[in-house]
Enquirer: 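Sharing a structure, written as C-alpha cells. Questions coming.
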Amino acid sequence: MPQTLIQPEFRVKIDYDKCHKCGRCVQQCGWGAYAFNERPLPDDSKCRACHRCVTYCPAHCITIEKNPLAYRDNDNWSAALRKNVWKQAETGGVLLTGMGNDKPYLRIFDHLVLDACQVTNPSIDPLREPMELRTYVGRKPDSVEVEPDGEGGFRLAPGAGMTNNIMLETPIIFSPMSYGSVSLNVHKSLAMAATRLGTLMNTGEGGLHADLYPYADHVIVQVASGRFGVDPEYLNRGAAIEIKIGQGAKPGIGGHLPGEKINREVSSTRMIPQGTDAISPAPHHDIYSIEDLRQLIYSLKEASGYKPVGVKIAAVHNVAAIASGIVRAGADYVYLDGFKGGTGAAPQVIRDHIGIPVEIAIAAVDQRLRDEGIRNNASIVAAGSIRSSADAAKAIALGADVVAIGSATLMALGCHLCQGCHTGCCSWGLTTQKPELTRRVDPEWGAERLVNLVHAWSHELQEILGALGVNAVESLRGSRERLRAIGLDEQTCRILGVKPAGM
C-alpha cells in the first residue's frame, strides 16, 4: 500500500551527457531534493520548482517541468483540490501556504486603462521634462500661515499649521515584512535601498535589528498585537509608526512565526525567548473601539515626539467605514492591504477565500473620506499585489497617495513564487533563517536591484504622467476621470467611480 496518494507536482530532468557531476545543484537546493552518488540524483517529491538549481547549474543541463501524469484532467476537481484532499486525509491538519492568493479572481487593475492627452498638453519627453513624483505621507493642514521672506516672496510662518509629514521622492514604498519571516539580509537590502531612493521600508512586526539603525530615518516601525521588539527606543528611531490590525492575505487572523525561525538574532530583536512560537493575534488587547484606537495612536505620538502614526488594515467589505473611524481617531495614514497581498505563512483557506480586492477598497475609502470632508486628514497607502508601474498609476488614480510593494521586491531578489515561504527552506535565502541559505543574499547586491526596480517603475510613472498631460503625481491622485473600464459590470464601475471605455 503506498504511503501517500500525492504524486510529485514537478519532474526534475538532468541531461547526464552534459552534467559536470559537480554537485552544485545539491548545494543550491534548500529543499533537500537532491542526493549525490557519483552524480546528482533528484527526488521529484521534494522539488518546489524554485529554479535555484536550474539558475546555478554551470552545464545548464537541468530542466523542471510539470508532471503531466500526476492528475487526470477534471474541470470540477482541479489538481490542486485533489492534492489538498489527499494531503488533509493524510495529516488531518490545516494547510499552510506562503505568498499571495493565486486563485483566478478578476484582476480589476487589468480591466482598467488610463486615458491620454492627444492635442492639449502632452509632454514631449517625460523623462527629461520636470515630472514631479515627490509626495508626502501624513495629515495635511486645513490652512497654513505665511509671512514675507524679505525678498519679495513668502515663506511658511513658524508654527504655520504644518504637521509632521514624511517626504518621499517616489510614491512607492516597501511593504511590511518582519525580520524572522524574511532574513536579515533582506531587511538590510530593503533599508539600504529605501535610504538611497528617498522612500521607506517597513519592519513588519518583527522589531528593528541594530544593523538597521543607520537607516532608521527611512524605516516605518510596526506595532502589532504581539508588541514584538517594541520599546521607547524602537518607537523613537523610526520615521513613522504603524499599528497593524489586519493583513490582506489573512484578514481576521494574526501573525504566527514558528519557533524554528526564532534563532538568537531574531529572539534578541523581537525580545522573545529563543525557539518559541511568536504569535500575535488579530485583536489588540487594548483596542475594542475607535476610542481605544485613538488612545493608542496618541500614546504612540506622545512617546515618539509626535511622529506620524498609521494604521494597517485588510481590505474587507466594510473597509470604508473602518477607515473613516481610523482617520477620525487621529491616524496620519491608512494602509489598505488587498486580498492578493503576500504573506510569509497563512492558512490556505483564509488566504484564498477571505477579503476583497484592493482596487475596490481604495475607491471606497477615498470616496468615503471625501464625502465626510476628512480626506486631507490622512494619506492612503495601497498594497496587495501591486505588480507593475501601471498598477501603481491606476491605484493612485483611484485615490491612493502611495503604493507599497512586497512580493515584487522579493522577486527582484530572486524569489520564483514557489510559495514555500512558511517552510523556512527558501533556496534563494529570502524567507529563511538558515545561515547557509541567508548568506546567499548580499545586501549591497540586493539594494542595487531594488533601487533599479523602483527607479524603473518611477521612470514609467513619469512616462504615464506625460501621456496624461500632467506633470505631478499629486495631480493624478484620485483622478478617476482618467480611468476607463473594459469588461467590468455596471455596479463595479459605480463603486470604482470609473466610466466604461467609450464614455
Enquirer: Specify the closest pair of heavy atoms between I362 and A382, including all atoms of both residues, with the distance to one decimal.
Expert: CD1-CB, 3.5 Å

Enquirer: Take S427 and Q28 through the test side-chain hydrogen bond (donor to acceptor under 3.5 Å, both in side chains) and record every step on the way to the result.
Expert: CA-CA 7 Å; S427 296; Q28 293 296 325; over 6 Å; no

Enquirer: For A194 versus F174, what's the shortest heavy-atom pair and its separation?
Expert: N-CE1, 3.8 Å

Enquirer: For the residue pair C425 and K434, what are the closest heavy atoms and their distance?
Expert: SG-NZ, 3.7 Å

Enquirer: Identify the two heavy atoms, one from I386 and one from F109, that lie closest to each other, and give their separation to 0.1 Å.
Expert: CD1-CE1, 4.0 Å

Enquirer: F339 vs Y105 aromatic rings, parallel, tilted or perpendicular, using cut-offs 30° and 60°?
Expert: tilted

Enquirer: Taking atom types as modelled, find out whether Q419 and D102 have a side-chain donor-acceptor pair closer than 3.5 angstrom.
Expert: yes

Enquirer: Tell me, please, which residues at least two apart from D110 pass salt bridge (charged side-chain N to carboxylate O under 4.0 Å, His left out).
Expert: R107, R387

Enquirer: Checking S458 against T170: is there a side-chain donor and acceptor pair closer than 3.5 Å?
Expert: yes

Enquirer: Please determine if E359 and K394 form a salt bridge, counting it only when a charged side-chain N lies under 4.0 Å from a carboxylate O.
Expert: no

Enquirer: Just verifying a value: how many Å separate I297 CD1 and D292 CG, rounded to the nearest 0.5 Å?
Expert: 11.0 Å

Enquirer: With side-chain contact (heavy atoms from CB on, under 4.5 Å) as the criterion, how do L106 and L488 come out once you've worked through the C-alpha distance, each side chain's angles and the decisive distance to 0.1 Å?
Expert: CA-CA 9 Å; L106 180 69; L488 295 179; 3.6 Å; yes

Enquirer: Tell me which pairs pass ring-ring contact (aromatic ring centres under 6.0 Å, His included) where either residue lies in residues 16-38, with sequence neighbours left out.
Expert: none

Enquirer: Output all residues satisfying side chain to side chain donor-acceptor pair (under 3.5 Å) with T492, sequence neighbours left out; order by chain, then residue number.
Expert: D489

Enquirer: If you apply the rule salt bridge (Lys or Arg N to Asp or Glu O under 4.0 Å), what do you find for R48 with E9, and how did you get there?
Expert: CA-CA 8 Å; R48 303 288 301 221; E9 189 174 358; over 6 Å; no

Enquirer: For residues 248-286, which residue pairs pass the ring-ring contact (aromatic ring centres under 6.0 Å, His included) check, not counting sequence neighbours?
Expert: none

Enquirer: Which pairs of donor and acceptor atoms, one on a side chain in residues 404-418, lie under 3.5 Å apart (sequence neighbours left out)?
Expert:
residue, atom, partner, partner atom, Å
T409, OG1, G406, O, 2.5
H416, ND1, G414, O, 2.6

Enquirer: Just do the salt bridge (Lys or Arg N to Asp or Glu O under 4.0 Å) check on E444 and R196 with the steps written out, would you?
Expert: CA-CA 12 Å; E444 188 61 46; R196 294 172 192 176; 3.0 Å; yes

Enquirer: Side chains of S45 and D43 only: does a donor on one sit below 3.5 Å from an acceptor on the other?
Expert: yes

Enquirer: When you check the side-chain N and O atoms of E460 and S389, is any donor under 3.5 Å from an acceptor?
Expert: yes

Enquirer: Determine all donor-acceptor pairs shorter than 3.5 Å in which one atom belongs to a side chain in residues 241-253; sequence neighbours excluded.
Expert:
residue, atom, partner, partner atom, Å
E242, OE1, N202, ND2, 3.3
E242, OE1, Y333, OH, 2.7
E242, OE2, N202, ND2, 3.2
E242, OE2, Q222, NE2, 2.8
K244, NZ, E205, OE2, 3.1
K244, NZ, Q247, OE1, 3.4
Q247, NE2, G342, O, 3.2
K250, NZ, A345, O, 2.7

Enquirer: Please walk me through it: do S178 and R270 pass side-chain hydrogen bond (donor to acceptor under 3.5 Å, both in side chains)?
Expert: CA-CA 10 Å; S178 69; R270 291 199 174 216; 2.8 Å; yes

